[in-house]
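Data block below; observations after.
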2 protein chains.
Amino acid sequence: MILVESDTLLAYGAINQKVSKNEMIFLEGSEPHYFFQVLEGEVKMISLNQDGKELIQGIFKSGQCFGEPPLFVDKPYPSSAVAIVDSIILKMSKKNLLALLDDKPSIAIKLLEIFALRIYNKALSAQILSNNNPEEKILGFLNMVKGDMGVENQTKIPYTRQQIADSTGLCVETVIRTLLKLNNEHKVEIKHHKIYY
Amino acid sequence: MILVESDTLLAYGAINQKVSKNEMIFLEGSEPHYFFQVLEGEVKMISLNQDGKELIQGIFKSGQCFGEPPLFVDKPYPSSAVAIVDSIILKMSKKNLLALLDDKPSIAIKLLEIFALRIYNKALSAQILSNNNPEEKILGFLNMVKGDMGVENQTKIPYTRQQIADSTGLCVETVIRTLLKLNNEHKVEIKHHKIYY
DNA sequence: CGCTCGTTTGAGAGGACTCAAGGTAGGTGG
DNA sequence: CCACCTACCTTGAGTCCTCTCAAACGAGCG
């Protein structure tokens with residue numbers, strides 16, 4: 001779901017920004033000042049734990065906005081945002097966002113829907129992360145991903161094994177071994193290292 | 001943070017409902033029709049995994065609303081709501097909630113803030129659940145709880161060990177043994193079985 | 001061809017979970 | 001005041017399985 005077309009954002013003072021692969025957009029613990037939207041490319045939100053292990057909190061693609069919640073709660077970012085590939089993002093100051101929401105209540109409602117969807121997905125994520133059976137974790141994750149893609153039939157999963165590991169709290173090797181098992185049980189299909197579910 | 005006073009809800013057609021301890025308010029997988037708010041008592045949102053293990057997604061106390069996100073995304077409940085103690089809740093139809101938000105944009109903004117806070121907390125929860133060091137899990141949880149209570153100094157943690165286990169994805173025994181260790185390391189304090197942090 | 005990024009395989013150790021049994025505290029009723 | 005009940009907390013022993021570490025393979029691209 002898309003909040004607003006980029007034209008409207010630009011009319012409200014948003015600006016373009018190029019970010020290269022692996023470049024950080026904002027850092028866990030810092031103060032939020034901007035609203036962001038992906039114009040082109042792909043952005044991940046990650047948290048690092050004390051051992052340096054990465055947790056993927058979400059991946060945002062073209063049209064999706066990200067990093068707004070802390071703007072509304074006056075708290076520092078709980079995660080960092082990093083470009084996965086060379087990307088172009090729009091950024092708009094908090095003040096302008098509030099002005100936009102004030103001018104157009106329908107956008108506020110739409111943002112409510114986006115937030116609601118994110119809460120829904122985070123409830124699913126919590127179930128995935130709390131499960132200590134790797135098979136269920138991975139199947140749960142694949143289901144969630146398909147739900148987000150709005151797909152019913154078998155489809156290629158656009159995640160690397162490392163990304164699945166970082167999203168489910170497993171290590172890569174366990175993801176690989178579990179995917180093999182799921183393949184043998186015909187619960188997923190692996191062709192040329194690509195995952196179909 | 002409180003969304004609206006109960007008077008306003010009642011004016012918009014909300015009704016009172018008594019629920020006894022352990023009574024279910026809505027069931028994981030069912031269709032959402034109502035907006036809820038706790039008047040008195042305490043309500044938990046839980047998901048059950050395939051082994052029947054319970055995950056606490058959140059606990060809501062007097063004044064707090066719960067179970068709204070699925071109303072906005074047209075999806076079934078990802079969790080069940082259960083009263084922890086005898087409680088009184090307000091319930092209002094989805095239609096009336098939308099009318100209320102339409103009439104009073106300031107409430108829509110407030111709901112945005114509540115959603116934002118919930119996303120923030122769920123980001124913290126994800127970090128806690130994905131961590132596989134029990135000490136960090138529990139300390140992370142205790143920090144989150146204190147943040148919610150708005151307390152800085154050492155305070156009594158109003159959770160049972162079982163509830164901490166169900167919130168962090170650990171088993172009770174591990175929670176107990178880890179709390180003992182944290183007590184010895186002077187990172188928490190245990191007096192008469194009560195936890196202070 | 002040679003890099004880079006992602007995937008795979010193996011061996012070993014650690015530690016959280018499970019199961020079983022008992023202990024403690026606070027409330028209720030006789 | 002005591003006995004009892006319920007809900008919660010505690011301890012011990014053993015197994016399983018995920019993580020870690022190390023090394024190598026595969027594929028895509030300039």
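Every chain is numbered from 1, with letters handed out A, B, ... down the list of sequences. In this text the structure is predicted, and so the values were computed from the model without any measurement.
The side chain of Arg161(B) places an N or O atom within less than 4.0 Å of a non-bridging phosphate oxygen (OP1 or OP2) of dT10(D). Within the 4.0 Å cut-off from OP1 or OP2 of dC17(C), at least one side-chain nitrogen or oxygen of Thr174(B) is found.
Classification of Glu54(B) and Lys44(B) as a salt-bridged pair holds, one side-chain N sitting under 4.0 Å from a carboxylate O.
If you take CG of Leu170(B) and P of dT18(C), they are 11 Å apart, rounded to a whole angstrom. The nearest whole Å value for the distance from the CD1 atom in Ile190(B) to the C1' atom in dT24(C) is 14 Å. dG6(C) atom P lies 19 Å from atom CZ of Arg177(A), rounded to whole Å. Between Asn49(A) atom CG and dC19(D) atom C1' there is a gap of 13 Å when expressed in whole angstrom units. Distance Lys181(A) NZ to dC17(D) P: 8 Å, rounded to the nearest Å. The separation between Asn131(A) atom CG and dA16(C) atom P is 18 Å, rounded to whole Å. Rounded to a whole Å, the CD atom of Glu135(B) is 9 Å from the P atom of dA16(C). Summarising the geometry, the separation between CD1 on Ile164(B) and P on dC8(D) is reported as 13 Å, rounded to the nearest angstrom.
Using a 4.0 Å heavy-atom criterion, one finds that Glu173(A) contacts the bases of the nucleic acid, with or without backbone contacts as well.
The side chain of Thr160(B) sits closest to dC8(D) out of dT8(C), dC8(D), dT10(D).
Environment of CG in Asp74(B): sparse, with no more than 12 heavy atoms of neighbouring residues, nucleotides or ligands closer than 6.0 Å.
Residues Asp166(A) and Gln162(A) have side chains that bring a donor and an acceptor to within less than 3.5 angstrom of each other.
Annotation: of the two residues near DNA chain D, Val172(B) and His193(A), the 5′-most nearest-nucleotide partner is Val172(B).
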Output a table of donor-acceptor pairs, distance under 3.5 Å, between side-chain atoms of residues 28-39 of chain B and any protein atom two or more places apart or on a different chain; print 'none' if there are none.
residue, atom, partner, partner atom, Å
Glu28(B), OE1, Leu48(B), N, 3.3
Ser30(B), OG, Leu27(B), O, 2.6

